[in-house]
Amino acid sequence: MDLTPAVVCRDLQKRYLTRGQPPVDALVGLDLTAQAGECLGLLGPNGAGKTTTIEILEGLLEPTSGDVQVLGLRWGVDDQALRQRIGISLQETRLADKLTVAETLKLFRSFYRQGCDPTEILDVVSLAEKRDARLDTLSGGQKQRLAVACALVGEPELLFLDEPTTGLDPQSRRDVWDIVRRHRERGRTTLLTTHYMDEAERLCDRVAVVDRGKVIAVGSPSELIHRIGGEHVIDFALQNSHAQPGAELFADLPSVRECRLDSDGFRLTVGAPHECIPALVERLSAHRLELSRLTTRHVSLEDVFVILTGRRLTAEELADKQP
């Protein structure tokens, strides 16, 4: 078995220069390794550097500095060999509306010396019944699945998916997830960017959290969750009060690992909720504070992101398709 990593980035830097504007540093020393056969997710908000990173790895952008190896090869030296071994699905793929689904896949298959039978790929992405339909008649989810099919038709060793399910309905999201799982089951590597915590938890062997141009944490979803030191979250809010307390009032409660005050209430990361909740109720009573809401749940990858970055992904970021 080839143990060469599929992707290696070391001290990756990317600075954008625009006349009359200050420089923008999109990447500021990003380090990243994707092992062969794994699904690695890049997780972060808009502007974190995810799309810049993936476009450099795809050969679409040149880094300002740093070392990049893809499948043991380098852009600028092994371009033709690399293009035959990777598949790319961008955030927005513009295809010819007047071509049929089958014609589009046949066109993309012609770009590769070897690859799949386009008919087989149509079955994989659940578009066999649309083979003779023109692209301008497809739904958004069908177009996205076709874009992924175009990335798969060359049987890539390394598949790049940039925000593959943004804007899709729940069923279309699950269809794309199934495609990614099948690709991984064949021993191939997938590198995807996503805003969605549940997507990263379901699909990725490892997740790299990207913020402000750097990888700030990497590991399996369970490793990242374990790293923050608690297994449960207690979310609660108080009745309207003129003297809203600070988070420090609850930081010393039993088994509390981390305490935050957000716009919608308090969030405690705890190891043992059955120990913390009675003490919380007692503390509130002592300060004549009343609960308006209290829920408990298991720690998620979103909690990891909040603790690591100090902020949540906003609704606008989750809806926005732009890099």
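Start at 1 with the first residue, then count along the sequence.
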- So Arg267 and Val233, side-chain contact (heavy atoms from CB on, under 4.5 Å) or not? Walk me through it. CA-CA 7 Å; Arg267 173 168 299 183; Val233 171; 3.7 Å; yes
Is Asp169 reaching over with its side chain to a backbone N or O of Gln171, donor-acceptor style, under 3.5 angstrom?
yes
Does [X] have any side chain to side chain donor-acceptor pair (under 3.5 Å) partners at least two apart in sequence or in another chain, and if so, which?
{"X": "Glu275", "result": "none"}
{"X": "Thr190", "result": "none"}
{"X": "Asp252", "result": "Arg283"}

Is [X] linked to [Y] within one hydrophobic cluster, defined over Ile, Leu, Val, Met, Phe, Trp and Tyr using a side-chain heavy-atom separation of less than 4.5 Å?
{"X": "Leu57", "Y": "Leu159", "value": "no"}
{"X": "Leu90", "Y": "Val176", "value": "no"}
{"X": "Val215", "Y": "Val70", "value": "yes"}

**Request:** May I ask you to check whether Asp175 and Ser172 show a side-chain donor-acceptor distance below 3.5 Å?
**Result:** no
Might you point out which heavy atoms bring [X] and [Y] nearest each other, and give the distance in Å?
{"X": "Pro278", "Y": "Pro273", "result": "CD-O, 4.2 Å"}
{"X": "Leu135", "Y": "Val101", "result": "CD1-N, 3.8 Å"}
{"X": "Gln144", "Y": "Ser89", "result": "NE2-OG, 4.0 Å"}
{"X": "Asp11", "Y": "Gly29", "result": "OD1-CA, 3.3 Å"}
{"X": "Ile88", "Y": "Ile86", "result": "CD1-CD1, 3.9 Å"}
{"X": "Asp132", "Y": "Thr100", "result": "O-CG2, 3.6 Å"}

Result for side chain to side chain donor-acceptor pair (under 3.5 Å) between Glu155 and one of Arg109, Arg188, Arg186 points to Arg186
**Request:** Evaluate side-chain contact (heavy atoms from CB on, under 4.5 Å) for Cys9 paired with Thr33, printing each intermediate quantity in order.
**Result:** CA-CA 6 Å; Cys9 298; Thr33 300; over 6 Å; no
Margin query: So for atom CZ, which belongs to Arg202, do other residues, nucleotides or ligands contribute more than 12 heavy atoms lying within a distance under 6.0 Å?
Written below: no
Walk me through whether Arg74 and Val68 qualify under side-chain contact (heavy atoms from CB on, under 4.5 Å). CA-CA 7 Å; Arg74 298 178 187 275; Val68 178; over 6 Å; no
Is there a side-chain contact between [X] and [Y], using heavy atoms and a 4.5 Å cut-off?
{"X": "Leu12", "Y": "Leu32", "answer": "no"}
{"X": "Leu138", "Y": "Arg145", "answer": "no"}
{"X": "Gln84", "Y": "Gln114", "answer": "no"}

Residues pairing under ring-ring contact (aromatic ring centres under 6.0 Å, His included) where one sits in residues 256-279, two or more places apart or in two chains, turn out to be Phe236-Phe266, Phe250-Phe266
ring-ring contact (aromatic ring centres under 6.0 Å, His included) pairs touching residues 135-185, sequence neighbours excluded, are none
Pick out which of [options] makes a side-chain contact (heavy atoms from CB on, under 4.5 Å) with [X].
{"X": "Val210", "options": "Ile216, Thr53, Thr193, Leu30", "value": "Leu30"}
{"X": "Lys214", "options": "Leu27, Val209, Val28", "value": "Val28"}
{"X": "Val207", "options": "Leu43, Leu42, Val218", "value": "Leu43"}

Would Arg297 and Asp235 count as a salt bridge (Lys or Arg N to Asp or Glu O under 4.0 Å) here? Give the steps. CA-CA 8 Å; Arg297 57 180 173 79; Asp235 287 310; 3.3 Å; yes
**Study point:** Verdict with reasoning, Asp136 to Lys98, per salt bridge (Lys or Arg N to Asp or Glu O under 4.0 Å)
**Key:** CA-CA 7 Å; Asp136 56 6; Lys98 303 308 178 184; 3.1 Å; yes
For residues 15-31, the side-chain hydrogen bond (donor to acceptor under 3.5 Å, both in side chains) pairs (sequence neighbours left out) are Arg15-Asp25, Tyr16-Thr52
- Item | Stepwise side-chain contact (heavy atoms from CB on, under 4.5 Å) test for Leu238 and Glu290 | CA-CA 6 Å; Leu238 303 177; Glu290 295 185 19; over 6 Å; no
The residue among Arg181, Arg174, Arg173 that forms salt bridge (Lys or Arg N to Asp or Glu O under 4.0 Å) with Glu199 is Arg173
